[in-house]
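Read the numbers this way: they start at 1 and go in the same order the structure lists the ligands and their atoms. Residue numbers start at 1 and run along the sequence shown.
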Amino acid sequence: MTTIITYGTFDLFHVGHVRLLERLKQRCDRLIVGCSTDEFNALKGKKCIFHYNDRAEILSACRYVDFVFPEETWEQKIDDVKRYNADIFAIGDDWVGKFDFLETEGHCRVMYLPRTEGISTTEVRSTVITNSL
Ligand code: C2G
């Protein structure tokens with residue numbers, strides 16, 4: 001039983017998010033996702049279109065995702081890895097190197113997967129705004 005843990009905002013859920021979750025589920029038996037709360041996103045300088053409850057419900061409805069929990073701080077990852085018995089921490093390569101400490105300190109393996117090019121929440125947001133003018 002291999003468990004992968006990942007994190008993200010997942011606002012305006014798009015094919016880039018779907019393909020990342022699909023590739024992660026191909027590498028494990030159980031995929032657990034930490035979804036950033038609105039308060040934590042404010043710390044990240046992000047304001048979402050969909051609030052936490054909606055983003056978490058959308059993630060839970062994705063067939064690749066087995067469990068969703070709130071991501072409230074940068075510091076909670078080590079505790080989460082232990083709590084959920086995660087074997088692997090994985091995330092898109094826009095974060096490459098940022099979470100290597102989880103492996104070097106012996107908590108779990110770390111994996112960065114290539115992002116899906118040509119799609120992002122920021123682009124979706126600006127396309128919607130442009131098209132509604
Ligand atoms: N992603 C992707 N391809 C895209 C867009 C996003 O593979 N075209 C991946 C990102 O690399 C990330 C996940 O989808 O692994 C979620 O992306 P975001 O919602 O942008 O997450 P972010 O705000 O970067 O939060 O503690 C870590 C943070 O919570 C990550």
Side-chain angles (χ1 to χ4, degrees):
M1 170 77 151
T2 302
T3 296
I4 290 183
I5 192 165
T6 191
Y7 296 79
T9 302
F10 298 101
D11 191 27
L12 300 179
F13 200 65
H14 54 67
V15 73
H17 299 141
V18 171
R19 290 179 185 161
L20 178 88
L21 298 170
E22 180 181 20
R23 284 175 289 153
L24 294 181
K25 192 55 189 276
Q26 285 166 350
R27 292 165 166 80
C28 68
D29 305 292
R30 188 172 64 135
L31 178 59
I32 296 187
V33 182
C35 182
S36 309
T37 61
D38 299 326
E39 297 74 18
F40 181 49
N41 273 319
L43 287 179
K44 288 197 253 178
K46 283 190 172 190
K47 185 156 182 358
C48 292
I49 299 294
F50 295 145
H51 288 297
Y52 172 78
N53 289 342
D54 291 358
R55 291 182 282 114
E57 186 175 339
I58 291 165
L59 273 171
S60 300
C62 176
R63 62 190 162 100
Y64 306 120
V65 174
D66 297 293
F67 183 71
V68 179
F69 65 95
E71 179 189 25
E72 297 166 302
T73 69
W74 290 111
E75 297 75 26
Q76 68 182 74
K77 290 185 174 68
I78 294 173
D79 292 341
D80 295 340
V81 165
K82 291 176 184 159
R83 179 177 305 114
Y84 300 114
N85 294 318
D87 305 287
I88 303 168
F89 167 92
I91 200 163
D93 61 7
D94 46 324
W95 291 91
V96 71
K98 295 281 188 319
F99 302 109
D100 290 357
F101 70 90
L102 291 170
E103 185 162 330
T104 52
E105 294 173 12
H107 302 293
C108 63
R109 285 162 44 209
V110 171
M111 190 188 288
Y112 303 98
L113 272 71
R115 282 168 60 89
T116 298
E117 295 306 323
I119 181 85
S120 73
T121 298
T122 307
E123 284 167 24
V124 172
R125 189 190 283 226
S126 58
T127 304
V128 169
I129 292 166
T130 312
N131 293 355
S132 59
L133 295 176

Colleague: Looking at R23 and P114, would you say the former's side chain and the latter's main chain have a donor-acceptor pair under 3.5 Å?
Modeller: yes

Colleague: Indicate the ring-plane relationship of Y84 and F67, choosing parallel, tilted or perpendicular according to the 30° and 60° boundaries.
Modeller: tilted

Colleague: Within ligand 1, which atoms have a heavy atom of G92 less than 4.0 Å away?
Modeller: 11 (O), 15 (O)

Colleague: Can you tell me if T37 uses its side chain to pair, donor with acceptor, with the backbone of P70 under 3.5 Å?
Modeller: no

Colleague: Among all protein heavy atoms, pick out the one at the shortest distance from atom 6 (C) of ligand 1; state its residue, atom name and that distance to 0.1 Å.
Modeller: R115 NH1, 3.5 Å

Colleague: Going by distance only, is there an N or O of W95 that falls short of 3.5 Å from an N or O of ligand 1?
Modeller: yes

Colleague: Honestly curious: do L113 and F10 fall in one hydrophobic cluster under the side-chain, below-4.5 Å linking rule?
Modeller: yes

Colleague: I'd like to check whether K77 has a polar contact with ligand 1, where a contact means an N/O of the residue lying under 3.5 Å from an N/O of the ligand.
Modeller: yes

Colleague: For the residue pair H14 and H17, categorise the inter-ring angle as parallel (less than 30°), tilted (30 to 60°) or perpendicular (more than 60°).
Modeller: parallel

Colleague: Heavy atom under 4.0 Å from ligand 1: found in L20's side chain, backbone, both, or neither?
Modeller: side chain

Colleague: Starting from the C-alpha separation in whole Å, work towards a yes-or-no answer on side chain to side chain contact (heavy atoms under 4.5 Å, CB included) for T3 and N85.
Modeller: CA-CA 7 Å; T3 296; N85 294 318; 5.5 Å; no

Colleague: Output yes when the distance from some N or O of ligand 1 to some N or O of T9 is under 3.5 Å, and no in every other case.
Modeller: yes

Colleague: Side chain, backbone, both or neither: which applies to D94 and ligand 1 if a contact is any heavy-atom pair less than 4.0 Å apart?
Modeller: side chain

Colleague: Taking 4.0 Å as the limit for heavy-atom contacts, which would you say applies to K46 with ligand 1: side chain only, backbone only, both, or neither?
Modeller: side chain

Colleague: Following the transitive rule for hydrophobic clusters with a side-chain heavy-atom cut-off under 4.5 Å over Ile, Leu, Val, Met, Phe, Trp and Tyr, establish whether W95 and L59 coincide in one cluster.
Modeller: no

Colleague: Does Y112 belong to the same Ile/Leu/Val/Met/Phe/Trp/Tyr cluster as I5, with side-chain heavy atoms less than 4.5 Å apart forming each link?
Modeller: yes

Colleague: For atom 29 (O) of ligand 1, what is the nearest protein heavy atom, given as residue, atom name and distance?
Modeller: E71 OE1, 2.6 Å

Colleague: Nearest heavy atom to atom 3 (N) of ligand 1 wins, so pick from I91, T116, L113.
Modeller: T116

Colleague: Using a strict cut-off of 4.0 Å, indicate which atoms of ligand 1 neighbour a heavy atom of I119.
Modeller: 4 (C), 8 (N)

Colleague: Which residue and non-hydrogen atom of the protein lie closest to atom 14 (O) of ligand 1, and at what distance in Å?
Modeller: H17 CD2, 3.6 Å

Colleague: Measuring only between side-chain heavy atoms, which start at C-beta, is T9 closer than 4.5 Å to T121?
Modeller: no

Colleague: Could you tell me if the side chain of F69 sits less than 4.5 Å from the side chain of Q76, heavy atoms only?
Modeller: yes

Colleague: Counting both backbone and side chain atoms, is some N or O of F40 under 3.5 Å from an N or O of ligand 1?
Modeller: no

Colleague: Using the ring of F89 (Phe, Tyr or Trp, six-membered ring only), decide whether K77 places NZ or CZ under 6.0 Å from its centre and within 45 degrees of its axis.
Modeller: no

Colleague: Counting non-hydrogen protein atoms only, what is the nearest one to atom 28 (C) of ligand 1? Give residue, atom name and distance.
Modeller: K44 NZ, 3.4 Å

Colleague: Is the shortest distance from a heavy atom of R19 to ligand 1 less than 4.0 Å?
Modeller: no

Colleague: Would S36 count as a contact of ligand 1 if the rule is a heavy atom under 4.0 Å away?
Modeller: yes

Colleague: Below 3.5 Å, N or O to N or O, backbone or side chain included: is there any such pair between F10 and ligand 1?
Modeller: yes

